[in-house]
Structures are given as structure tokens and as C-alpha cells.
Q: 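This is the structure I want to talk about, given as C-alpha cells.
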Amino acid sequence: MRNSTSLKQEFLKKWIKGLQVCNSSSEKKMTILERKKAIKMSADIAMASTRNGTTCWSRAVIANATQSNRVVVERILGPHKPSRSVSSVMHKKILKKSRRVCSSRSRRVLMRKRDVAKTRSIAKRLIWKKTQVLKSLVPGGEFMEDEMCLIAETLDYIVSLRAQVDVMRCLATTTEFINGK
């Protein structure tokens, strides 16, 4: 994992570039809602691009942003060359659906056997539910089948979110100081 300071510096550089691109791409004056969306999108893209596509969540964030505003994303990140990540995401969706069918059958077989203790099955169910919640919180998490990979991605995502929050707080504090509050 990278140094927190270098991660924050890289995020700040890319975020400022994203804000400049969003500001220059708008011909008319932006409403508050449009500004909010532009700030969020540029922050998300900046945060994801600091990972250089090495994590599932960063690829998912960039893919989602590209679907909603491809031109702005390309201006921030540079031209997008088709990669396997988009096709691998689609491939993972297909695999996930087929695994779900197979796993539901195997779950029924296990239920019939009754040799698994009731407490163990309750614990597994709770873990599964918590895993599903975690998958829904991490971008791209719904495509991760391996729990260890999910935990590693979640930790990396949390570190990146923390860096993003720290940079935004520092920027807000600096802005308040400059404005004389």
C-alpha cells in the first residue's frame, strides 16, 4: 500500500484537473445541483485513477462514470482504450449468475442432509448476509466471489475514501481561512 501523503497529493492533483475539465466543458453557468454532481464525479474519478486500475472498485467507479459522461471522463483520464476490464466485468456477471444457480442447488442438498449443526448454519447465513451488504457498499463488489479479495478491496477502498475526505477537509479549512472566517 502506498504512502498516505503521496496518495492524497495524487488525488488532489487529479481532482483539480477533473474540476477544471468539468468547469470548462460546461458552456452555460452551472446550477448548484450540476456543480455538486461535477464535484462528486471528478472526486470519484480522481480517487479511482490514483489506483491505476489495479483494484476492482476503481475499475467499477471509472466504468460507472464513463457510462454517465464518457466525454468528461476521457478528458480527465485521457482517451480510453478498450480493455478487458469491461468484458471481464460482463464475463463475471455471467459467471456470477451461473454460480448462483449451481450454489442454490448445492445449498438445497446441504439442507436435506441435516448433518450440519443448526448454529453453524445460522452463523453461515449471517456471514453471507454481511458479505452481501459489504459487496453492495464497495464499487464492483457484487462481482467478487472470493471473501478475502472482497476484504482486501474493501480495505483499499476505505483507505482511498479516507484520503479523499482528508483532502476535502483540508481544502474546506483552507478556503474558510482565505475567506476570513
Side-chain angles (χ1 to χ4, degrees), residues 1-96 133-175 178:
M1 185 127 350
R2 289 185 15 213
N3 180 356
S4 177
T5 304
S6 68
L7 181 68
K8 290 176 188 177
Q9 288 173 347
E10 186 177 352
F11 166 74
L12 182 59
K13 280 192 245 179
K14 290 183 179 190
W15 187 37
I16 289 171
K17 181 181 177 185
L19 290 172
Q20 290 169 341
V21 166
C22 288
N23 191 34
S24 68
S25 68
S26 176
E27 295 85 28
K28 60 181 174 109
K29 191 171 182 176
M30 297 172 87
T31 65
I32 291 176
L33 184 61
E34 290 171 334
R35 283 184 194 172
K36 176 188 166 211
K37 287 181 179 179
I39 290 168
K40 182 180 181 340
M41 183 180 70
S42 60
D44 287 346
I45 293 170
M47 181 177 64
S49 67
T50 59
R51 307 311 298 158
N52 297 323
T54 57
T55 58
C56 292
W57 70 262
S58 64
R59 291 189 300 271
V61 166
I62 291 172
N64 289 340
T66 303
Q67 287 177 352
S68 64
N69 203 337
R70 178 179 293 272
V71 175
V72 174
V73 173
E74 285 181 357
R75 287 182 63 195
I76 294 170
L77 299 178
H80 176 67
K81 298 173 186 167
S83 65
R84 346 182 281 246
S85 64
V86 175
S87 63
S88 67
V89 168
M90 295 306 291
H91 177 69
K92 287 181 181 180
K93 282 184 180 179
I94 294 168
L95 282 177
K96 183 180 178 188
V133 170
L134 191 58
K135 285 181 178 184
S136 71
L137 293 174
V138 177
E142 59 271 8
F143 304 115
M144 291 180 231
E145 294 295 326
D146 181 25
E147 284 84 13
M148 293 306 291
C149 178
L150 178 64
I151 290 170
E153 289 279 332
T154 304
L155 291 173
D156 188 69
Y157 184 59
I158 290 169
V159 166
S160 296
L161 284 175
R162 186 70 197 156
Q164 184 182 24
V165 168
D166 289 347
V167 168
M168 289 179 167
R169 271 196 189 135
C170 184
L171 186 64
T173 304
T174 305
T175 305
I178 289 172

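Counting begins at 1 with the first residue of the sequence.
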Q: Hey, could you give me each pair passing salt bridge (charged side-chain N to carboxylate O under 4.0 Å, His left out) that has a residue in residues 157-167? Not counting sequence neighbours.
A: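 Non-adjacent pairs meeting salt bridge (charged side-chain N to carboxylate O under 4.0 Å, His left out): Lys8-Asp166, Arg162-Asp166.
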Q: Could you tell me the separation between the CG atom of Leu12 and the OG1 atom of Thr50, rounded to the nearest 0.5 Å?
A: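 Here the rounded value is 12.0 Å.
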Q: Considering all heavy atoms of both residues, which atom of Leu77 and which atom of Ser49 are nearest to each other, and what is their separation?
A: CD2-CB, 3.4 Å
Q: Looking only at heavy atoms, which two atoms of Met168 and Ala43 are closest? And how far apart?
A: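 Shortest heavy-atom separation between Met168 and Ala43 comes out as CE-CB, 3.5 Å.
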Q: Any side-chain heavy-atom pair from Ile45 and Val61 closer than 4.5 angstrom?
A: no
Q: To the nearest 0.5 Å, what is the distance between CG on Asp44 and OG on Ser58?
A: 12.0 Å
Q: Where is the tightest heavy-atom contact between Met144 and Leu150, given as atom of each residue plus distance?
A: SD-CA, 3.7 Å
Q: How far does CG of Asp156 sit from CG of Leu161, to the nearest 0.5 angstrom?
A: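 These two atoms lie 10.0 Å from each other.
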Q: Quick one: does Asn23's side chain get under 4.5 Å of Leu19's, heavy atoms only?
A: no
Q: With rounding to the nearest 0.5 angstrom, report the NZ to CE distance, Lys36 to Met30.
A: 12.5 Å
Q: Please walk me through it: do Leu7 and Val159 pass side chain to side chain contact (heavy atoms under 4.5 Å, CB included)?
A: CA-CA 9 Å; Leu7 181 68; Val159 166; 4.1 Å; yes
Q: Could you check whether atom CG of Leu33 has more than 12 heavy atoms from other residues, nucleotides or ligands sitting under 6.0 Å from it?
A: yes
Q: If I take atom CD from residue Glu74 and atom OG1 from residue Thr66, how far apart are they, to the nearest 0.5 angstrom?
A: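 Between Glu74 CD and Thr66 OG1, I get 7.5 Å after rounding to 0.5 Å.
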Q: Got a donor-acceptor contact below 3.5 angstrom from the Glu153 side chain to the Val138 backbone?
A: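 Not confirmed, Glu153 side chain does not pair with Val138 backbone.
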Q: Does the side chain of Tyr157 reach to within under 4.5 Å of the side chain of Met47, using non-hydrogen atoms?
A: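 Counting from C-beta outward, Tyr157 and Met47 do come under 4.5 Å.
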Q: Does some side-chain heavy atom of Ser6 sit less than 4.5 Å from a side-chain heavy atom of Glu10?
A: no
Q: For a quick test of reading the model, state the closest non-hydrogen atom pair linking Ala60 to Pro139 and the distance between them.
A: CB-C, 3.6 Å
Q: Would the distance check show the side chain of Lys17 and the main-chain N or O of Ile76 forming a donor-acceptor pair, the cut-off being under 3.5 Å?
A: yes
Q: Heavy atoms only: give me the nearest Lys29-Arg35 pair and the separation to one decimal.
A: CE-NH2, 4.1 Å
Q: How far does CD of Gln67 sit from CD1 of Ile62, to the nearest 0.5 angstrom?
A: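 The distance works out to 13.0 Å.
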Q: How far apart are the closest heavy atoms of Phe11 and Gln164, and which atoms are they?
A: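 The answer is CZ-CG, 3.4 Å.
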Q: Which residues pass the side chain to side chain contact (heavy atoms under 4.5 Å, CB included) test with Thr5, sequence neighbours left out?
A: Asn3, Gln9
Q: Under the side chain to side chain contact (heavy atoms under 4.5 Å, CB included) rule, collect the residues that match up with Leu137, sequence neighbours excluded.
A: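 So Leu137 forms a side chain to side chain contact (heavy atoms under 4.5 Å, CB included) with Val133.
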